[in-house]
Amino acid sequence: MAKQNVAEQFVDILARAGVKRLYGVVGDSLNPVVDAIRRNSSIDWIHVRHEETAAFAAGAEAQVTGSLAACAGSCGPGNLHLINGLYDAHRSMAPVLALASHIPSGEIGLGYFQETHPELLFQECSHYNEMISNPEQMPRLLQTAIQHAIGRGGVSVVTMPGDIASEPAPEKSIEHALVTERPTVRPGDDEIDKLCRMVDKAKRVTLFCGSGTAGAHAEVMEFAEKIKAPVGHALRGKEWIQYDNPYDVGMSGLLGYGAAYEATHECDLLILLGTDFPYNAFLPDDVEIVQVDVRPERLGRRSKLDLAVWGDVRETLRCLTPRVKPKADRKFLDRMLKKHANALEGVVKAYTRKVDKHVPIHPEYVASVLDEMADEDAVFTVDTGMNNVWAARYLTPNGKRRVIGSFSHGSMANALPQAIGAQFTDRGRQVVAMSGDGGFTMLMGDFLTLVQYDLPVKVVLFNNSSLGMVELEMLVAGLPSYGTTNKNPDFAAVARAAGAYGVRVEKPKQLQSALKDAFKHKGPALVDVVTDPNALSIPPKISADMVTGFALSASKIVLDGGVGRMLQMARSNLRNVPRP
């Protein structure tokens with residue numbers, strides 16, 4: 001039997017950690033690893049057209065499966081392209097292992113062709129970032145990187161020179177059992193007792209939930225029922241907490257709707273559950289605030305806390321709920337539920353008024369129809385910008401659907417590559433990329449990856465020929481829009497030329513049949529929907545200093561528009577309000 005080289009040993013360890021695919025672009029220093037994958041039946045090499053796509057795809061795969069995913073880039077420019085997708089994965093707490101292959105080890109530090117310093121470049125977007133200097137070091141270093149990515153939730157980067165990858169692996173290398181699952185974290189009894197006393201003392205309690213409530217839906221509902229608390233959420237908490245929620249009062253922040261803002265400001269005690277909600281201007285400063293988070297470094301960095309609780313949301317509530325006294329007074333909860341329903345009633349008609357005649361098509365209408373026609377367990381990947389608005393307001397969570405986007409990093413061009421990673425996890429599951437024309441064209445080359453692997457991703461392109469969110473930011477700042485217009489081709493024709501299914505929609509009456517045909521198509525498909533670039537109305541009181549990157553951080557209500565089936569949910573919840 002031929003002796004293993006380091007690259008083969010590297011691939012074997014990844015396979016033992018549960019990695020199924022390595023996304024990347026082949027080349028020079030990476031070739032030994034790619035060749036090792038060719039000869040290993042446990043891992044597939046996924047050839048993408050841009051390494052940024054590789055990192056986004058790995059991050060999405062990790063978010064869908066909850067398991068370690070991996071990507072790779074060749075030396076210098078190759079691995080440098082990974083960085084944006086790795087930032088996104090890291091900020092999304094997606095366990096991703098990135099291989100940054102490197103120039104020959106004897107040339108490092110001498111200005112060699114394509115030389116960079118990955119151990120410096122990736123420092124800010126990783127929990128672990130080290131270089132393999134000799135074959136004996138590799139197994140322990142790779143295993144340590146894997147455990148950082150899984151255990152801490154985020155990115156680990158391993159840099160390996162191409163010549164090291166080709167060397168013989170040591171005969172007696174140290175390999176140990178790998179950690180492949182994260183433990184739960186239970187708060188101390190003192191923290192639980194303090195929180196219990198605060199809850200019992202407060203007359204009006206509001207829960208505000210983020211992505212840390214994943215897997216804790218039942219516990220949040222039980223706690224809310226016992227203390228009669230309205231439940232609001234951030235965008236990343238929507239998919240985990242909004243469905244089957246009779247206490248739902250909507251979302252706060254830039255994309256907010258309903259009564260979440262009022263519920264967080266009119267309570268006595270606000271409990272932040274698993275959220276690193278970044279827009280502190282939407283949080284109150286005159287109520288008691290408790291934050292529960294599994295990552296202690298996040299506690300208190302958005303608002304002044306009266307109590308910080310380090311723990312997993314589900315375990316914390318399992319400890320807390322039996323100890324708190326039940327509250328009988330529903331007045332605050334019922335008042336917030338009514339405010340929520342009334343708020344939604346006021347805006348829901350925005351997309352229903354003469355939609356069958358409005359050209360260009362209302363993007364709100366497109367999102368609403370898409371929500372109704374997509375599968376009950378569909379995975380949606382959502383481009384940053386105005387598509388975040390439509391996803392937040394129109395996609396209906398149900399406990400089986402997933403919604404993935406660059407919600408913390410805020411990168412353009414994420415939807416298509418994330419759809420690639422999501423689709424590889426299950427070819428039979430419907431994956432829909434809600435792309436904007438700006439984001440889609442930034443990484444449009446990887447539409448060819450869909451064709452190459454016959455991935456049945458459905459790209460629904462909201463084509464308003466502009467960078468809509470940027471235009472909004474400029475308008476709010478009192479600036480004329482400039483440099484935001486895109487001169488676009490017929491994207492459906494481009495899709496067909498690439499070998500995929502493509503259809504262009506310019507009239508509302510064409511939309512349902514176009515989506516139906518695309519969803520029925522067994523391979524990749526693109527629906528190019530020409531949408532209205534003026535689909536925003538801006539509140540009268542917004543000043544330039546309210547604009548902070550993606551956020552208009554000091555306004556309660558920023559965008560006017562419908563809210564799809566959320567109004568039906570709010571009306572349903574109102575029926576549970578006792579009549580006097």
Side-chain angles (χ1 to χ4, degrees), residues 91 93 185-213 216 220 223-224 227-237 241 249-256 258-313 315-317 319-320 323-324 327 332-333 336 407-408 410 543 545-558:
R91 298 189 70 183
M93 295 182 66
V185 179
R186 181 196 183 280
D189 287 333
D190 286 347
E191 281 69 33
I192 294 294
D193 289 341
K194 290 175 185 176
L195 179 52
C196 183
R197 289 193 293 269
M198 293 176 74
V199 172
D200 288 344
K201 177 185 174 183
K203 292 183 179 180
R204 301 182 300 276
V205 182
T206 293
L207 310 181
F208 187 71
C209 303
S211 61
T213 56
V220 174
F223 183 53
I227 65 170
K228 305 301 182 287
V231 179
H233 59 268
L235 177 56
R236 290 191 66 199
I241 214 69
V249 292
M251 191 168 84
S252 192
L254 168 68
L255 313 183
Y261 184 92
E262 288 81 358
T264 57
H265 283 72
E266 296 180 26
C267 60
D268 301 321
L269 174 63
L270 173 62
I271 303 179
L272 306 174
L273 294 175
T275 178
D276 194 33
F277 182 70
Y279 309 125
N280 55 8
F282 286 91
L283 295 174
D285 55 12
D286 57 351
V287 305
E288 287 194 322
I289 301 179
V290 173
Q291 185 178 357
V292 179
D293 206 291
V294 74
R295 297 183 102 168
E297 68 271 19
R298 292 181 171 178
L299 295 170
R301 68 180 184 182
R302 308 301 183 197
S303 61
K304 181 179 178 296
L305 299 182
D306 295 277
L307 180 64
V309 179
W310 180 9
D312 174 86
V313 170
E315 291 304 311
T316 300
L317 293 182
C319 295
L320 176 65
R323 300 193 195 186
V324 299
K327 296 184 187 295
F332 177 61
L333 170 61
M336 290 301 113
F407 299 138
S408 295
S543 59
D545 60 359
M546 293 179 182
V547 182
T548 317
F550 181 72
L552 305 179
S553 63
S555 172
K556 280 195 260 181
I557 303 170
V558 179

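What you see below is based on every heavy atom in this structure, not just the backbone, and it leaves out hydrogens, waters and symmetry mates. Note that this is a predicted model, so its numbers are computed, not measured.
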Quick check: closest heavy atoms across Val313 and Thr213, and the distance to 0.1 Å?
CG1-CG2, 4.1 Å
CZ (Arg298) and CH2 (Trp310) are apart, to the nearest 0.5 Å, by 13.5 Å
Do the side chain of Thr206 and the main chain of Ala263 share a donor and acceptor less than 3.5 angstrom apart?
yes
Gln291 side chain vs Ser303 backbone, donor-acceptor pair below 3.5 Å:
no
I need the minimum non-hydrogen distance between Ala260 and Ser252, along with the two atoms involved.
CB-N, 3.7 Å
Please confirm whether the backbone N or O of Phe208 pairs with a side-chain atom of His233, one donor and one acceptor, at under 3.5 Å?
no
Ignoring hydrogens and geometry, is there a side-chain-to-backbone donor-acceptor pair from Lys327 to Val199 under 3.5 Å?
yes
Is a side-chain donor or acceptor of Arg236 paired with a backbone partner of Ser408 at a separation under 3.5 angstrom?
no
Residue pair Asp285 / Lys304, side-chain heavy-atom distance below 4.5 Å
no
Does a salt bridge link Asp189 with Arg323, judged by any charged N lying under 4.0 Å from a carboxylate O?
yes
Locate the shortest heavy-atom distance separating Arg204 from Glu266; write the atom from each residue and the value.
NE-O, 2.9 Å
About how many Å separate CD1 of Ile271 and CG of Leu317, when rounded to the nearest 0.5 Å?
8.0 Å
Between Arg302 and Asp276, does at least one N-O distance fall below 4.0 Å, as a salt bridge requires?
yes
Give the intermediate values and the outcome of side chain to side chain contact (heavy atoms under 4.5 Å, CB included) for residues Val324 and Cys196.
CA-CA 6 Å; Val324 299; Cys196 183; 3.9 Å; yes
Once rounded to the nearest 0.5 Å, what's the spacing between atom CG of Leu269 and atom CG of Leu307?
9.0 Å
What heavy-atom pair brings Cys267 and Thr264 nearest, and what distance separates the two atoms?
SG-O, 3.5 Å
Would you check if Phe277 and Leu283 make a side-chain contact, meaning some heavy-atom pair closer than 4.5 Å?
yes
To the nearest 0.5 Å, what is the distance between NE2 (His265) and CG (Asp286)?
7.0 Å
Leu299 to Val309 - nearest heavy-atom pair and separation:
CD2-O, 3.8 Å
Rounded to the nearest 0.5 Å, what separates atom CG in Asp306 from atom CE in Met198?
5.0 Å
Could you tell me which non-hydrogen atom of Ala259 sits nearest to which non-hydrogen atom of Met336, and how far apart they are?
CB-O, 3.6 Å
Side chain to side chain contact (heavy atoms under 4.5 Å, CB included), that's the test. Do Leu207 and Phe223 meet it? Break it down for me.
CA-CA 10 Å; Leu207 310 181; Phe223 183 53; 3.7 Å; yes
To the nearest 0.5 Å, atom OG of Ser211 lies from atom CG of Leu235 at 10.0 Å
Test applied, side chain to side chain contact (heavy atoms under 4.5 Å, CB included); reference residue, Cys209; option that passes from Val292, Val231, Thr275:
Val231
Check for a donor-acceptor pair, side chain of Asp293 on one end and backbone N or O of Gly274 on the other, with a separation under 3.5 Å.
no
Kindly say whether Ala202 contributes a backbone atom to a donor-acceptor pair with the side chain of Asp268 at under 3.5 angstrom?
no
